[in-house]
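Below: one structure, written as structure tokens.
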Amino acid sequence: MDYLIVTLLQILTTIGNLALISLGLAIIFGMMRVINLAHGEFIMLGGFTAVFATQAGVNIWLSMLVIAPIAVGLLGFVIERLVIRHLYGRMIDTMLATWGLSLLLIGLATTFFGNRVVGIAAPTGGLKIGGYAIGSYDIVLLAIACALYIGAAVFLMKTRAGLKARATMQNRDMAAGLGIEPARVYAVTFSLGAALSGLAGALLAPISGVLPTMGVAYVAKAFITVITGGASPILGAGLASGLLGTINAAMNILASPVIGDIALLLAATIFLRLLPTGITGRFFKGKA
């Protein structure tokens, strides 16, 4: 029984981690249709921000939950104003631009921080279940991921700002005719997606460490998850995280992490073959 509980918690924490790294991309790609290949580097910068802020004496929770997302969100705002806003509607161009941005951020991070792993200790202790011990911080991450997805869905569906964002993404010209400023909505939305990516990197720093090239390990999983989710960016990313995370975690336990990643990719391929518009494409189009 204890082993079953521990296994279930491992599966749930894998789902939570996958959901965390996918949420920012769900906002930027799922809503804005911007292929942001620098998503992994936003995660990386969030991790570095949390690590160095904590090492400078800032409370670890403040570093992870406030400083990191604000810092990366501000960077996202600058990038959107200088680069991305000129490329809306040109997916190939945004892909090339963000790929170049990804390489630039990796190079700058390597230059300033060095090509080494840095990290911080988890802010919570361990949890013992029978003869097994697991990190209670994993459970905290799962709770935070659930709260973020619920908050994002409520924001998009129930608030005036969320409705403006959805309207702008669905029909920019109509939204502008109704008095909404599309340029402002795009800037805020991109910044929010960047901030959520930075938050994910900060929260994952205690369990994965941070190094300049870490984004490569996250961006592929995030894109696979968001694309598998389909038309509804928030709900889709959440459902896809649950399905793909379960498969990934199960294969990690039964075989190895490499087999787990292969199983995740194969599962996503099968889902998209059966449901070309994604899990939510047929049933939840236009929803959060």
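What you see is a predicted model; the values in this text were computed from it and never measured.
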Answer whether the closest heavy-atom distance between the side chains of [X] and [Y] falls below 4.5 Å.
X	Y	result
Met32	Tyr186	yes
Val118	Leu211	no
Leu142	Leu9	no
Thr94	Asn36	no
Ile120	Val210	no
Leu141	Thr13	no
Ser22	Tyr218	no
Met64	Pro123	yes

Show the nearest heavy-atom pair for residues [X] and [Y], with the distance to one decimal.
X	Y	answer
Ala249	Thr14	CB-OG1, 3.5 Å
Val117	Gly209	CG1-CA, 4.0 Å
Thr49	Ala71	CG2-CB, 4.1 Å
Gly260	Asn252	CA-OD1, 3.4 Å
Ala53	Ser63	CB-OG, 3.4 Å
Ile247	Ala267	CD1-CB, 3.4 Å

For Phe223 and Phe29, take the angle between the two ring planes, folded into 0 to 90°, and tell me which bin it lands in: parallel under 30, tilted 30 to 60, perpendicular over 60.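 Plane angle over 60°, so perpendicular.
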
Single-linkage hydrophobic cluster [X]~[Y], side-chain heavy atoms < 4.5 angstrom:
X	Y	value
Ile43	Leu37	no
Leu274	Ile227	no
Ile35	Val226	yes
Leu192	Leu156	yes
Val219	Ile84	no

Determine, stepwise, if the pair Leu18 / Lys221 fulfils side-chain contact (heavy atoms from CB on, under 4.5 Å). CA-CA 8 Å; Leu18 186 58; Lys221 286 185 178 181; 4.0 Å; yes

Okay, side chain of [X], backbone of [Y]: is any donor-acceptor separation there less than 3.5 Å?
X	Y	answer
Arg166	Gly162	no
Ser102	Thr98	no
Thr168	Ala175	no
Arg90	His86	yes
Thr225	Ala237	no

Can you list the steps and then say if Ile253 with Gln10 is a side-chain contact (heavy atoms from CB on, under 4.5 Å)? CA-CA 9 Å; Ile253 295 170; Gln10 288 179 330; 3.4 Å; yes

Do the ring centers of Phe112 and Phe48 come within less than 6.0 Å of each other? no

Near [X] [atom1], under 6.0 Å, is it more than 12 heavy atoms from other residues, nucleotides or ligands?
X	atom1	value
Phe52	CZ	yes
Trp61	CH2	yes
Met174	CE	no

Establish, from distance only, whether the side-chain atoms of Tyr88 and Glu80 form a donor-acceptor pair under 3.5 Å.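 Indeed, the side chains of Tyr88 and Glu80 share at least one donor-acceptor pair under 3.5 Å.
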
State whether a side-chain donor-acceptor pair under 3.5 Å links Thr124 with Ser136. yes

Stepwise side-chain contact (heavy atoms from CB on, under 4.5 Å) test for Ile207 and Asn17: CA-CA 10 Å; Ile207 61 175; Asn17 292 348; 4.0 Å; yes

Tell me, with the steps shown, if Leu163 and Arg160 meet side-chain contact (heavy atoms from CB on, under 4.5 Å). CA-CA 5 Å; Leu163 292 175; Arg160 186 177 181 85; 5.7 Å; no

Just verifying a value: how many Å separate [X] [atom1] and [Y] [atom2], rounded to the nearest 0.5 Å?
X	Y	atom1	atom2	value
Asp93	Leu87	CG	CG	5.5 Å
Tyr137	Ile139	OH	CD1	13.0 Å
Leu266	Asp261	CG	CG	11.0 Å

Apply the side chain to side chain contact (heavy atoms under 4.5 Å, CB included) test between Tyr149 and each candidate in Leu23, Leu20, Leu235, Ile144; give the one that qualifies.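 Option passing the side chain to side chain contact (heavy atoms under 4.5 Å, CB included) with Tyr149: Leu23.
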
